There are 2 protein chains.
Amino acid sequence: MAEPDFILRENCPQRRIHYILNGKWTSMVLSVLSYGPMRTGQLERALPGISKKMLTQTLREVENGGLVHREVFHVVPPKVEYSLTPLGIRFVEPLSALYDWAKDNAAALDELEDNLRRSAEAASKQGE
Amino acid sequence: MAEPDFILRENCPQRRIHYILNGKWTSMVLSVLSYGPMRTGQLERALPGISKKMLTQTLREVENGGLVHREVFHVVPPKVEYSLTPLGIRFVEPLSALYDWAKDNAAALDELEDNLRRSAEAASKQGE
DNA sequence: TCCAAAAGTTACCAAATGGTAACTACATTA
DNA sequence: TAATGTAGTTACCATTTGGTAACTTTTGGA
């Protein structure tokens, strides 16, 4: 008989998908691109706080993974457009579901963050 | 009029949920607990490769967030049982969806990993 | 008397991660 | 002649992250 579902071995689907989505910006870059092709500057403005370095680094990763297509227009000043590939579109599916959940469950997120805040305060009082 | 959906500001639902699930083991610990209450040792065996340190650290975090309940039985040798709280059960919902997707789309994961492997090889040939 | 079992803590360390700021390229425009 | 706009790179650094291994505690059993 098979081993129970709750054993999460190296290389199980669960670990594999985390391996892909573990960059700080990866999933959000994909999510933004799900709204349509975008230029670098648009992406940058869609993710306030991202640095140029992280943006290009993340874009290179998803490009290497075959999730995103990079199209260079040879003009001056430069123009580069990014868009999801068919594979990228498939990966955005579970992300959108996750984000939809987050939008619909803001109260749960609030509750969790309140809990964390309270426990952090309690811990710092200990240290006095 | 509202700004476009694809602007992902600090504190938007998308960023908030990543903030919670960003520990290496957090989401998998929650996922394992969705199968029912478990003792420390069971959790440890359900996540091959996790260290004692990371297991307790992760458990404390989800406990502080109010996602997991920790019940100590005062016996020797010690017995401690972890289980999802109602809030925890809500958070497991999108995780399960994500993991179901991953199970159903192993081919897409393969394709992505192949792409990454190939691009890594190409990059290392460059360096020779 | 000494070890086992279960859960947990601690000190220490190496690697990964991501941020800042300065720099490049180049045609157009003022 | 000098500045502008767009995409990108690079060196450098601080922080975070997570792993290892040794240690603790308590009681029952060999």
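Throughout, protein chains are lettered first and strands after them, A, B, ... in sequence-line order, and every chain is numbered starting at 1. None of these values were measured; they are calculated from a predicted model.
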For A:R39 and D:dG8, give me the distance from atom CZ to atom C1', rounded to whole Å. 14 Å
Quick note, A:P78 side chain, CB onward, closest among D:dG18, D:dC12, D:dA7 is D:dA7
Could you tell me whether the phosphate oxygens of D:dT6, OP1 or OP2, come under 4.0 Å of any side-chain nitrogen or oxygen in A:R45? no
Do the rings of A:Y99 and B:H18 sit parallel, tilted or perpendicular, given the 30° and 60° boundaries? perpendicular
Distance check needed: D:dG8 P versus A:E71 CD, whole Å only. 13 Å
Does the distance from a Lys or Arg side-chain N to an Asp or Glu carboxylate O, for A:R16 and B:D110, drop under 4.0 Å? yes
A:L55 CG - D:dA7 C1' separation (whole Å): 10 Å
Under 4.0 Å, heavy atoms only, any strand: does A:F73 hit a base, just the sugar-phosphate, or nothing? nothing
Minimum-distance nucleotide (side-chain atoms of B:K53 versus C:dG19, D:dT20, C:dA27): D:dT20
We want to know whether B:R90 and A:N105 form a side-chain donor-acceptor pair, criterion being a heavy-atom distance below 3.5 angstrom. yes
What nucleotide among C:dG19, D:dA7, D:dG5 has an atom nearest to a side-chain atom of A:P77? D:dG5
Which residue lies toward the 5' end of DNA chain D, A:T56 or B:Q57, if each is placed at its nearest nucleotide? A:T56
Does A:E44 or B:N22 map to a spot on DNA chain D nearer the 5' end, using the closest nucleotide for each? A:E44
When all nucleic acid strands are considered with a 4.0 Å heavy-atom cut-off, which category describes B:T40: base, sugar-phosphate, or nothing? sugar-phosphate
Donor-acceptor pair under 3.5 Å, B:K52 side chain vs C:dA7 base: yes
Please report the closest heavy-atom contact between A:E111 and B:L87, naming both atoms and the distance. OE1-CD1, 3.6 Å
Under 4.0 angstrom between A:R70 side-chain N/O and D:dA7 OP1 or OP2: no
